[in-house]
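Heads up, the thing below is written out as structure tokens.
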Amino acid sequence: MIPTINHTILFELLKSLEASGLFIQLLMALPSNICRSELERFVEHVASDTSLEDVTFFLDVWWEMMKHKVDPKDPLLTQFRTMAHKYLSSSDEFSHPPKRFKADPDACPIMSLLEVLLDGLKQIQNNITAPSLKCCAVANLADMLTVFALVEEDPQELSITVYLDKLATVISLWNSDAQNPYHQQGLAEKVKEAERDVSLTSLAKLPNETLFVGFGYLHSLLQQWGEELQATLNSSQRLSYGSYRLCDSLTSLNQNLKGYQDTKDLSKDEGQLVSELAECVKNFLRKTNTILKDKSSEDITASIAMAIIGQKMDRHMEMCYIFASEKKWAFSAEWLDCLVNNKALFREPGLVLQLLETVTTIDTSGREISPTKAEEVTNLILDCYSDLSLLDKNKVLSGILSSWGWKGLSEKLATYMEGFQEDLNMAFNQITQSASEQGLAKAITSVSRLIVLHPEATVKKMCSLAMVNLGAHRFLAQILSAFPALQFPEGQQEPSSGTSLLASCLKETVWGKLSSAKEEKQFLEFLGYLMNPPEQETSTIPLTPLLAPEEVIKVFVLPYLMLHVEEVDLCLKIFVQALEAKPCSDGSWLLSCSPFPLLFTLCQLLDSYTKYWQHPKAKRHLSLESKDMVISILEQLSEVVLPKEENPSPENWTKSLSWLHRKTEQLDWIVGLRLRTVFKGHFKCEVPATLFEICKLSEDDWTSQNHPAYGPGTGLLAWMECCCISADTCEHMLSLLAVDTNNPEEVSFFSKGFLVALVQVLPWCSPNEWKCLHQLTKSLLQKQLLHVPYSLEYVQFVPLLNLKPFAQELQLSVLFLRGFQFLCSPSCSNWLPTEGWSHVVKLICSSLTDLLDSVKVQSLCPWAQGQEKDLTQETLFVYTQLFCHILHIMAMLPEEVCEPLYVLALEILSYYDVLSKSDTSTNALLRKANEQHFLKSIAENVGPREQRKTLLQKINNF
């Protein structure tokens, strides 16, 4: 059992020890009914024969009670509380205490205790004679009314600057008062106690009855003591802690009374009481409003902030931001020690940015700071940055780009940057030599430190290495994709506008400097990786697409999409890369790239192809192979601009369409026809009038126009140009063709006209366009609309073979030969430069290769069902015919363009050799000898000596 205690001795002991805090801790650990009764005993003791010490101790106890917070981590207090509730409580609530007591801040009704203290103040009021005690009494009462009645249920904390300022003021006053109990304590203890003084909080509210009693009593005290308090406050003596508390408490009360009046529904008497108190407090403060402003305190703010950080006291993380931003404190020995000892606390992006801003500002403000110390501090901050997560590093990088631009910290930390270039080269030498997914995290960490120092230089270095280091571009793209902050635009523009840092660096470093096809290929792949980061097999590092396809098009395509620009071919490849990275299935992103002007630009490029070989070689920056890219992009873009059901502005779309139609009228008619899907339903297809002569065209969709270049007899030429547009258009035009197969003369005329038109179109065809014409020719042969007589001019005797399975292949080969005879005739031989002949040879070789593939397929299966005989002899005959046709074509062409045909001729001889060895017929050897002799006689006519020698050697080896 707890022994009986003499209360008088206990109270006097606590008073003599000035242990008001201990008394409140013991008191608040008791059961609620006993807690109040003990406090009443204390008030009764103080009110009897009250001395100055009694008053002082009473006010201290009151002040401690308002500051009291339960500390659940104090084991001694917790144990004492448990025992007290077990043996002293008579209520049912505590008759069976839990096995393990948990502190409950609401267990003791502090509101009722404050009522007791308020009543006690009334009892000892006449014994409060010293001005300092009167200041404390009024301050206690004002704080009680403010904190436990007027403040909102969820009050906002003081701003950290005001909080720190109050702490500094309180501690300065304690330091200046030798009689203050905290005067001799260390700074950390003072800060902890001061934190309690400026952080009063309440979990409950005073009842209204007590509140208005308090209002009236405070009003009464201010009327009675007002003049004396004014005299004390306005005296020339140094401001005391009690005086400061009085002014601070009344100022807070005054601010909260106004809100209380505006928000509470008060009766007439209550409203009058509150108004009178508010007026009284306001008048009192008006005469003392300079007290708080004029307080003098030694400059200990920095030491206090650092003590809070070092001891991790309340609000220490907020204090870190004050520490990081105060330029006056930076670089002092105390400041540096705090940063070193508490480095872990500063591993936050906001703090790293604030520290960097502070350090860079001081570095340029003229303060005498040694380079060694500046480097030490910078390294400390960068170490904090290096310890951040990748997400937080990007936040720091974004902040640096926003504050200091693309050059980052380089201009602010000039002395620190002296060895940057060497560090940059060394880091990337190591990175490119150890490129692997396992080393990705390490590489990102290495780059992250460089990239905040000088983002632009680091990114340019990576872009340059991505071009020249074979195979390193994928790994470098992965590293860059770990820094989405690099999407930051130039200047202070919105992220959605302007050129991003990465796009700008890539353009400046690479554009116009690619020296080989290999570098160009690597650049395109690098660009693709930046738009769509490569998948990782093992690494879990999040990679972000850094370049949006729309930005790529705006930066690398739109400004250069003109025939006379050297980079126009690369622009088209970039455009294709962008479409592959982000397919235009939804199309919305392409709409931000000026689609209608872009359509017209593409049409202009296609129009330039109509006179392609007439352009000087120096101005032909696009190849005919690139024409297919232009067409593909045009088709995809045409699909995008088609109006959707939810089209928000149909009028704008119609205006844009009309503009495009007017512009394309200036171009070749076939270019406008490629926009048929866009113009459909708005404008008819405009074609030469001669096309109507050979096609059954509907006047609802088609209209004729007079074109000077399309006179009589050019309808078939116009029809063939339409067939080049696409496979679908080719099938459609074939279905519209009007040729009377029952009229031999008409079929014959058509066949001759077809050959003439083919010769006129062939040199200007792209590979895909030629494929359409090749397929068209095969379709016409199958439908027997095209007559191609086969003459046996390369045989010594009439072959008694079944050549019907190969009829189409032989006819195609002869047709190509006849076309070249036409094209190489004196009337056409000056059409093309050497590059033009090379292009035509490539197209024909592609068709002949397909033709050879078809021959091989036919030779592997019987031509007719039930036919047992194979087609070996027939296939060998076809090979000899194709060989002769190719050599004939070579004889008509300039030697410098014949290489592809020569290679194809060698390939045919290889096919012949392999197949002839499998011939098991009775007369195979005789036939082979005859054919070998025949092939040698043909090959001996080949012009170039080396080619002739090689062909004859291959034939001799049969």
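Starting from 1, each residue takes its place in the sequence as its number. All figures in this text were calculated on a predicted structure; none of them were measured in a lab.
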Does a donor on one side chain sit under 3.5 Å from an acceptor on the other, for [X] and [Y]?
{"X": "Tyr911", "Y": "Glu907", "value": "yes"}
{"X": "Trp764", "Y": "Thr610", "value": "no"}
{"X": "Thr741", "Y": "Gln784", "value": "no"}
{"X": "Tyr710", "Y": "Gln705", "value": "no"}

Residues in ring pair (Phe, Tyr, Trp, His ring centres under 6.0 Å) contact with His564, at least two apart in sequence or another chain: none
Show me the donor-acceptor pairs within less than 3.5 Å that the side chains of residues 881-889 make with the rest of the protein, sequence neighbours left out.
unit_1: Gln881; atom_1: OE1; unit_2: Tyr790; atom_2: OH; d: 2.6
unit_1: Gln881; atom_1: NE2; unit_2: Tyr794; atom_2: O; d: 3.1
unit_1: His885; atom_1: ND1; unit_2: Ser813; atom_2: OG; d: 2.6
unit_1: His885; atom_1: ND1; unit_2: Gln881; atom_2: O; d: 3.4
unit_1: His888; atom_1: ND1; unit_2: Tyr794; atom_2: OH; d: 2.3

Contact between [X] and [Y] at the side-chain level, heavy atoms closer than 4.5 Å - yes or no?
{"X": "His682", "Y": "His661", "value": "no"}
{"X": "Met531", "Y": "Gln577", "value": "yes"}
{"X": "Ser751", "Y": "Ser748", "value": "no"}

Pairing of Glu520 and Lys573 as salt bridge, 4.0 angstrom limit: yes
Lys521 and Glu525 ion-paired at < 4.0 Å: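 Looking at Glu525 together with Lys521, the answer is yes, because their closest N to O distance falls below 4.0 Å.
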Close aromatic pair by centroid cut-off 6.0 Å: Tyr560 and Trp511: yes
Are Phe526 and Phe523, when compared by the centres of their aromatic rings, separated by less than 6.0 Å? no
Taking all non-hydrogen atoms of both residues, which atom of Ser608 and which atom of His615 are closest, and how far apart?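 Ser608 and His615 have their closest heavy atoms at O-NE2, 3.1 Å.
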Take Leu675 and Ser638, measure what side-chain contact (heavy atoms from CB on, under 4.5 Å) needs, and give me the verdict at the end. CA-CA 7 Å; Leu675 296 174; Ser638 297; 3.8 Å; yes
